[in-house]
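What's counted below: heavy atoms across the whole structure, side chains too, no hydrogens, waters or symmetry copies.
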Amino acid sequence: RGRLDRDAELSALAGFVLEARKQKGSAYDAYWRSVRRARGFRDRVLEAVVLRKLAGLHREWGHGTRASELEARANSLEASR
């Protein structure tokens with residue numbers, strides 16, 4: 001578990017697997033761990049991809065405004081590459 005918490009890509013992968021297994025809350029946590037690590041490493045590509053996954057969860061949960069905010073952040077990151 002320790003390496004998973006430190007590795008942005010592994011956290012993103014864990015989130016994807018958990019989401020596919022319908023464990024949305026755990027996926028959400030893994031995605032946010034990934035975003036935090038990606039920011040720390042200034043990996044804008046990974047951060048943007050994972051923000052879109054988070055936006056999808058928010059949209060699924062009926063949080064359209066938050067989903068739009070996350071998508072806007074992802075767009076901003078992609079535009080600044």
Practice problem: Check whether more than 12 heavy atoms from other residues, nucleotides or ligands sit under 6.0 Å from atom CD of Gln23, and answer yes or no. | Solution: yes
Quiz item: Would Trp32 and Leu10 show up in the same hydrophobic cluster when neighbours are defined by side-chain heavy atoms closer than 4.5 Å?
Solution: no
Rounded to the nearest 0.5 Å, how far apart are [atom1] of [X] and [atom2] of [Y]?
X: Leu13; Y: Leu18; atom1: CG; atom2: CG; result: 9.5 Å
X: His58; Y: Glu69; atom1: NE2; atom2: CD; result: 9.0 Å
X: Thr65; Y: Leu70; atom1: OG1; atom2: CG; result: 11.0 Å
X: Leu54; Y: Arg59; atom1: CG; atom2: CZ; result: 12.5 Å
X: Arg52; Y: Glu78; atom1: CZ; atom2: CD; result: 4.5 Å
X: Leu57; Y: Lys53; atom1: CG; atom2: NZ; result: 7.5 Å

Self-check item: Ring geometry between Tyr28 and Trp61 (parallel below 30°, tilted from 30 to 60°, perpendicular above 60°)
Solution: tilted
Self-check item: Arg36: partners by side chain to side chain donor-acceptor pair (under 3.5 Å), with sequence neighbours left out
Solution: none
Exercise. List for me each residue that meets side chain to side chain donor-acceptor pair (under 3.5 Å) alongside Arg44, sequence neighbours excluded, and say none if there are none.
Key: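 Side chain to side chain donor-acceptor pair (under 3.5 Å) check on Arg44 returns Ser80.
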Exercise. State whether the side chain of Ser11 and the backbone N or O of Asp7 hold a donor-acceptor pair below 3.5 Å, judged by distance alone.
Key: yes
Quiz prompt | Flag, side chain of Ser34 to backbone of Ala8, donor-acceptor distance under 3.5 Å | solution =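 Yes; judged by distance alone, with no hydrogens or angles, the pair exists.
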Quiz item: In the hydrophobic clustering (ILVMFWY, side-chain contacts below 4.5 Å, transitive), which residues join Val49, or is it alone?
Solution: none
Quiz item: Which atoms form the tightest heavy-atom contact between Leu77 and Ala48, and what is the distance?
Solution: CD1-N, 4.0 Å
Exercise. Provide the closest heavy-atom pair for Ala55 versus Ala67 in the form atom of the first, atom of the second, distance.
Key: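 Nearest heavy atoms, Ala55 then Ala67: O-CB, 3.3 Å.
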Quiz prompt | Glu47 and Asp43, any side-chain heavy atoms less than 4.5 Å apart | solution = no
